[in-house]
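Contents: one structure, followed by commentary.
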There are 2 protein chains.
Amino acid sequence: MRRKQPTIHEVAARAGVGLGTVSRVLNNHPAVRPETRARVLRAMEELGYTPNPHARRIAGGRSYTVSVLLPFVATEFYRRLLEGIEGVLLEKRYDLALFPILSQARLRRYLESSTLAYLTDGLILASYDLTEHFEEGRLPTDRPVVLVDAKNPRYDSVYLDNRLGGRLAGEYLARFPGAIFAIKVEEEPDKAFRHTVFSERLAGFREALEEAGRPFPEDHLYVTRLSQEGGRLALRHFLEKASPPLNVFAGADQVALGVLEEAERLGLAVGREVRVLGFDGHPFAEEVGLSTIAQPVEAMGARAAQLLLERMQGYAGPPREVRFEPLLVERTSTLTPGPAPYVP
Amino acid sequence: MRRKQPTIHEVAARAGVGLGTVSRVLNNHPAVRPETRARVLRAMEELGYTPNPHARRIAGGRSYTVSVLLPFVATEFYRRLLEGIEGVLLEKRYDLALFPILSQARLRRYLESSTLAYLTDGLILASYDLTEHFEEGRLPTDRPVVLVDAKNPRYDSVYLDNRLGGRLAGEYLARFPGAIFAIKVEEEPDKAFRHTVFSERLAGFREALEEAGRPFPEDHLYVTRLSQEGGRLALRHFLEKASPPLNVFAGADQVALGVLEEAERLGLAVGREVRVLGFDGHPFAEEVGLSTIAQPVEAMGARAAQLLLERMQGYAGPPREVRFEPLLVERTSTLTPGPAPYVP
DNA sequence: ATGGCGTGTGGAAGCGCTTCATGGAAACTT
DNA sequence: AAGTTTCCATGAAGCGCTTCCACACGCCAT
């Protein structure tokens, strides 16, 4: 029935070495001659050997497995984040277990009861807001934890300065003539999902506009779910308030894409009559020439993984905060073809 | 740090029994005298003993973990399904690992990976259509597999009789005066997602109408994606074809919701001028008074988990098919306030 | 030569559990 | 009374790994 996995013994036999040597190769112990190491690695390869994490955990107290908990897996943001995390962890021969966990209740249940949580040497949590749902923002686990796309005074956190991103957007759009609009992506407070990033972006945006002396009336804001559809509706709404040129800060690339679509459908000149600025720096933004406030998502993932590695290796200092800065990427969706931009 | 956990040895010593006896208590083995069992349990209690799951896995050659593979995690249908599965499995002290897997390619990759070998005693696959993408509909795994919301002659399957649901809808709506319309949710053939359920519902619906002697012209059908928006557009489309009263079989609750919204927006009397029947039995259907063909999704999940448990315990009989029947739930969205329904 | 040292390597011991051959005692048989 | 069966219970063996002691070997200094 169950196809038996090869064990360390078979690897040892095939490579013509002892048990201990194979184990030493697995654990990157320095005292192995390079040729021997190579021979062992080849034997592993040939046998399709993977170490049994449960056995490692039992024998060595470590499993070389890291759990990544995130609300979704199918979105671009998390894909990029995982890419960054994987890059660092796989190189150190760690395994990854992914857990898409949508609700805080489930998050708690997972941490408290799951054997898998128990198996894991460390945890990376993406986008969860712990302060509200866990007492003192403390998770029921004694494993090292790193948060990413979130902040918490108890754990190492890696996050983007979304407010700064909003400011960049505001400062940039303030340079153009025409009315200024913004779209805010709705946040669902009961879901664990990236609680406040959209509010922070908007707050920074408002700040920058104020400092630039450009008014931002309340009805120039449109609130919608994270969808292209939302962007389309928003543009139609904006066109009732003012006539072109319009400058739209879409709050998220996906929404910005909807704005672009609708603009084209209405025959408006993108980049002059309608200027659109996204937020995220998704791959498709480049394809369609969308200007955007880009997040270094892969780098954030990689940094989170590094912090976790340090913790798993015993580092016990106080929680660290790593703040990443977004970057304005200018493309055709805001570039006026023709006359130079107006600067008030 | 972590205070050292007591082990089976300490429990045995304290209870004054042998190792094996403690193990048998842990595994609910019948051959233990009740007094002995009680003594052991008390010793465990007093020591605060919990078995080390990794040791169990390693010694027993089992992982006590079940993987659930599904296309999405964030929809109501899968939430309910998981609830049913979890209920059964957690009680038997099994762990759950969730894998949202959208494409068949990824499904194959997962099945062939070694994570599976160590992490999983059994698999529950939801909504995948294997026949097209896997040779002979056979999966590359030697673990027991149960399918849910799908059918396949090689594996135990748990599914809803969608055709019957369609029939119920048809028979029911045929009793009302006014034109009959239906919405069919589009199926995306490249995605693995619930391939044919919507077609089956429609087929049953058509059958029933025919038997009832009620015509169903081809242009009374509207095809759309699974969204509220789709329902809204559908109703507008239907109103061009006939004037109220209208009877709409929406094919899915989410779509039905859009129909209701649009009807209200247009000032039509829901339940008399426009009658709407959904499909699914989502929680919000009750809230808004939507009549619907309800699926016992939790029960389906629970049944699937039970079938899998039996397989994991060694049952080796031929594949079993468990067919669930939907249930018509009548609410205000089809209840004519006032005159009794017209029966032709 | 002799000793001392560092570098690689082998394999026994042990992690906490399950399984299984073994056997004692009590309950049935003939 | 002796044999047979059933019921409980024991503890050694083993799961796949890490760790660590032991040892072989080459190299250098004396």
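First the proteins, then the strands, lettered A, B, ... as listed; each starts at 1. Keep in mind that this is a model prediction, so the values were computed, not measured. Any value given below was found using the heavy atoms of this structure, including those in side chains, with hydrogens, waters and symmetry copies removed.
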Counting only side-chain N and O atoms of [X], is one of them less than 4.0 Å from OP1 or OP2 of [N]?
X: B:Arg33; N: D:dA9; answer: yes
X: B:Asn52; N: C:dC15; answer: no
X: A:Tyr64; N: D:dT18; answer: no
X: A:Thr36; N: C:dT9; answer: yes
X: A:Thr7; N: D:dG16; answer: no

May I have the distance from [X] (atom [atom1]) to [N] (atom [atom2]), rounded to whole angstrom?
X: A:His9; N: D:dC15; atom1: NE2; atom2: C1'; value: 10 Å
X: A:Arg24; N: D:dC17; atom1: CZ; atom2: C1'; value: 14 Å
X: B:His29; N: D:dC7; atom1: NE2; atom2: C1'; value: 11 Å
X: B:Leu19; N: C:dC15; atom1: CG; atom2: P; value: 12 Å
X: A:Glu10; N: D:dG16; atom1: CD; atom2: C1'; value: 11 Å
X: A:Ile8; N: C:dT9; atom1: CD1; atom2: P; value: 15 Å
X: B:Ile58; N: D:dC15; atom1: CD1; atom2: C1'; value: 5 Å
X: A:Arg37; N: C:dG8; atom1: CZ; atom2: C1'; value: 12 Å

What's the closest nucleotide to the side chain of [X] if the choices are [options]?
X: A:Val32; options: C:dT18, C:dT9, C:dG11; answer: C:dT9
X: A:Tyr49; options: D:dC17, D:dT19, C:dC17; answer: D:dC17
X: B:Pro51; options: C:dC17, C:dG10, C:dT9; answer: C:dC17

For the rings on B:His54 and A:Tyr118, is their centre-to-centre separation under 6.0 Å? yes
Do A:Tyr110 and A:Phe99 make the cut of ring centroids closer than 6.0 angstrom?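 Ring centroids of A:Tyr110 and A:Phe99 are less than 6.0 Å from each other.
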Just checking [X]: base, sugar-phosphate only, or nothing, at a heavy-atom cut-off of under 4.0 Å?
X: B:Gly60; result: sugar-phosphate
X: A:Val17; result: sugar-phosphate
X: A:Thr21; result: sugar-phosphate
X: A:Arg62; result: sugar-phosphate

Option from A:Arg80, A:Arg79, A:Arg303 for which salt bridge (Lys or Arg N to Asp or Glu O under 4.0 Å) with A:Glu298 holds: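 For A:Glu298, the salt bridge (Lys or Arg N to Asp or Glu O under 4.0 Å) check succeeds only for A:Arg80.
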When you check the side-chain N and O atoms of A:Ser127 and A:Tyr78, is any donor under 3.5 Å from an acceptor? yes
Would you tell me whether B:Asp121 and B:Ser63 have side-chain atoms, one donor and one acceptor, within less than 3.5 Å of each other?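 Note: B:Asp121 and B:Ser63 side chains meet the donor-acceptor criterion.
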